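On a predicted model such as this, the values are computed, not experimentally measured, just so you know.
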Amino acid sequence: MQNLISTTVPEHVAIIMDGNGRWANARGLPRTMGHRKGVETVRDAVKTAAQLGIRYLTLFAFSSENWSRPEPEVSDLMGLLKTFIRRDLADLHRENVRIRVIGDRSNLRGDILPLLIEAEETTRANTGVTLVIAFNYGARDELARAMRRLAVEVAEGRLRPEDINQERIAASLDTADIPDPDLIIRTSGEERLSNFLLWQGAYSELIFVPELWPDFTRETFLAALEKYACRERRFGGLVEPTRAVGS
């Protein structure tokens, strides 16, 4: 493994995997081929995260807005998700990867939700990197669902409005037991969060790379981590101590 002693390792990296369609279009291929290539990149990214000691890797797999895409493309994406879980779950489990899924689970297709639950349950006791799959996820939707849950508690008399604070809101989100991302990477050169982890990313470092997701290699990942290592994170106060690779 490449020597990165000078690099600090973020505990949690989140990635907006953008550019599958453009990767395929640039090669005269159907967009679905870009998504298939993107799945291979997912496998490599998980391996890299595990090798470097990153404890949480969150991947923006399918947004709540993606349902508006053409039906054939949505069906292909669902098929790829099912194939990934069915084919890769055993390998991920054997490699001690824990899988978590965030996003709205209501009204998911009957052939999708059981697979997501199976992936979580099968790997629940694993202690390696936690792969967080953001599926049917949108940050505004997540916040709205959290607010509705808190409103029900208030209406039922189990919570006083004055007791609603940042900690209570965070505990009501899909990521309640997951630390906020230290670093958010977006591929393809686009420079926006696209409704991804808006609450959790309040103090995240943001790095935008020009590579399309299928071209996101181990070297691209390491280069992003080197940039992250040069950032000074103050959180409004003093710089926090960092953890060195290999420590």
> L198 and M147: same hydrophobic cluster, using ILVMFWY side-chain contacts below 4.5 Å?
Replying inline: no

>> If you apply the rule side chain to side chain contact (heavy atoms under 4.5 Å, CB included), what do you find for T58 with F196, and how did you get there?
In response: CA-CA 11 Å; T58 297; F196 181 55; 3.9 Å; yes

> Can you say whether the rings of W67 and F135 are parallel (under 30°), tilted (30 to 60°) or perpendicular (over 60°)?
Replying inline: perpendicular

> Where do A119 and I85 come nearest, in terms of heavy atoms and distance?
Replying inline: CB-CG2, 4.3 Å

> Would R98 and T127 satisfy side chain to side chain donor-acceptor pair (under 3.5 Å), going step by step from the backbone distance to the final call?
Replying inline: CA-CA 7 Å; R98 183 186 180 202; T127 57; over 6 Å; no

> Measuring from L206:CG to F208:CZ, what's the distance to the nearest 0.5 Å?
Replying inline: 5.0 Å

> Considering only heavy atoms from C-beta outward, does the side chain of P179 approach that of Y56 to under 4.5 Å?
Replying inline: yes

> Would a distance-only check, ignoring hydrogens and angles, find a side-chain to backbone donor-acceptor pair under 3.5 Å from S75 to P72?
Replying inline: no

> Are Y137 and F60 side-chain neighbours, meaning at least one heavy-atom pair lies under 4.5 Å?
Replying inline: yes

> After noting the C-alpha distance and the side-chain angles of I207 and L183, does the key distance pass the side chain to side chain contact (heavy atoms under 4.5 Å, CB included) rule?
Replying inline: CA-CA 7 Å; I207 292 179; L183 169 64; 3.7 Å; yes

> Nearest heavy-atom pair of A176 and A171: which atoms, and what distance?
Replying inline: CB-O, 3.4 Å

> When rounded to the nearest 0.5 angstrom, what is the spacing between CD in E120 and CG in L89?
Replying inline: 11.0 Å

> Given side chains that start at C-beta, do those of R218 and Q51 come closer than 4.5 Å, heavy atoms only?
Replying inline: yes

>> Tell me whether K82 is salt-bridged to D111, with the criterion being a basic N under 4.0 Å from an acidic carboxylate O.
In response: yes

>> E153 vs R168, test: salt bridge (charged side-chain N to carboxylate O under 4.0 Å, His left out). Steps then yes/no.
In response: CA-CA 12 Å; E153 291 188 47; R168 196 65 181 252; 3.0 Å; yes

> When rounded to the nearest 0.5 angstrom, what distance separates CG in N126 from CG in N96?
Replying inline: 4.5 Å

> Under a 4.5 Å cut-off applied to non-hydrogen side-chain atoms, are F84 and L92 in contact?
Replying inline: yes

> For V152, what are the other residues in its hydrophobic cluster, where any two members join if their side-chain heavy atoms are less than 4.5 angstrom apart?
Replying inline: none

>> When you compare the side chain of L113 with that of L115, does any pair of heavy atoms fall below 4.5 Å?
In response: no

> Side chain of R186, backbone of R192: donor and acceptor closer than 3.5 Å?
Replying inline: yes

>> Is there a path of hydrophobic side-chain contacts, each under 4.5 Å between heavy atoms, that joins V97 and V9?
In response: yes

>> Do L59 and L225 land in one hydrophobic cluster if side-chain heavy atoms of ILVMFWY residues count as linked below 4.5 Å?
In response: yes

> Does any N or O in the side chain of R100 come within less than 3.5 Å of the main-chain N or O of L131, such that one atom is a donor and the other an acceptor?
Replying inline: no

> Does the side chain of I133 reach to within under 4.5 Å of the side chain of F62, using non-hydrogen atoms?
Replying inline: no

> Under the side chain to side chain contact (heavy atoms under 4.5 Å, CB included) criterion, do I15 and W213 qualify, and how do the steps go?
Replying inline: CA-CA 10 Å; I15 304 179; W213 176 246; 3.7 Å; yes

> At what distance, to the nearest 0.5 angstrom, does OG1 of T175 lie from CD of E142?
Replying inline: 5.0 Å

> Would you call the rings of F216 and F221 parallel, tilted or perpendicular, where under 30° means parallel and over 60° means perpendicular?
Replying inline: tilted

> Which atom names give the shortest non-hydrogen contact between P181 and L197, and what distance separates them?
Replying inline: CG-CD1, 4.0 Å

> Under the 3.5 angstrom rule, does the side chain of T123 hit a backbone N or O of I99 as a donor-acceptor pair?
Replying inline: yes

> Do D180 and Y203 have side chains that get closer than 4.5 Å, going by heavy atoms?
Replying inline: no

> Should the pair E121-R124 be classified as a salt bridge under the 4.0 Å nitrogen-to-oxygen rule?
Replying inline: yes

> Honestly curious: do I16 and L81 fall in one hydrophobic cluster under the side-chain, below-4.5 Å linking rule?
Replying inline: no

> Judged by atom type as modelled, is there a donor-acceptor pair below 3.5 Å linking the side chain of R22 to the main-chain atoms of D18?
Replying inline: no

> Could you walk me through whether N66 and S63 pass the side chain to side chain donor-acceptor pair (under 3.5 Å) check?
Replying inline: CA-CA 5 Å; N66 285 157; S63 78; 3.2 Å; yes

>> Nearest 0.5 angstrom please: T130 OG1 to E11 CD, how far?
In response: 9.5 Å

> Is E226 salt-bridged to R231, going by a charged N under 4.0 Å from an acidic O?
Replying inline: no

Extract all donor-acceptor atom pairs below 3.5 Å that involve side chains of residues 31-39 and protein atoms in other chains or at least two apart in sequence.
| residue | atom | partner | partner atom | Å |
| --- | --- | --- | --- | --- |
| R31 | NE | E73 | OE1 | 3.1 |
| R31 | NE | E73 | OE2 | 3.3 |
| R31 | NH2 | E73 | OE2 | 3.0 |
| H35 | ND1 | N20 | ND2 | 3.3 |
| H35 | NE2 | E73 | OE2 | 2.9 |
| R36 | NH2 | D76 | OD1 | 2.9 |

>> Is any side-chain heavy atom of L57 closer than 4.5 Å to one of V46?
In response: yes

> Should I184 and E205 be marked as a side chain to side chain contact (heavy atoms under 4.5 Å, CB included) after you check the CA-CA gap, both sets of side-chain angles, and the distance that decides it?
Replying inline: CA-CA 6 Å; I184 297 177; E205 296 298 318; over 6 Å; no

> Is it true that I54 and V42 fall in one hydrophobic cluster, defined by side-chain heavy atoms closer than 4.5 Å?
Replying inline: yes

> Counting only heavy atoms not in Q166, do more than 12 sit closer than 6.0 Å to its CD atom?
Replying inline: no

>> For G103, is there any backbone N or O sitting under 3.5 Å from a side-chain donor or acceptor partner on N136?
In response: no

> Does S68 reach the main-chain N or O of E65 with its side chain, forming a donor-acceptor pair under 3.5 Å?
Replying inline: yes

> Is a side-chain N or O of R158 found less than 3.5 angstrom from the main chain of V154, in a donor-acceptor match?
Replying inline: no

> What closest approach, in Å, do A146 and S172 show between heavy atoms, and which atom pair accounts for it?
Replying inline: CB-O, 3.6 Å

>> Do the side chains of D91 and R43 get close enough for a salt bridge, i.e. N-O under 4.0 angstrom?
In response: no

> When rounded to the nearest 0.5 angstrom, what is the spacing between OG1 in T187 and CD1 in I185?
Replying inline: 9.5 Å

> Are more than 12 heavy atoms from other residues, nucleotides or ligands located less than 6.0 Å from atom CZ of R140?
Replying inline: no

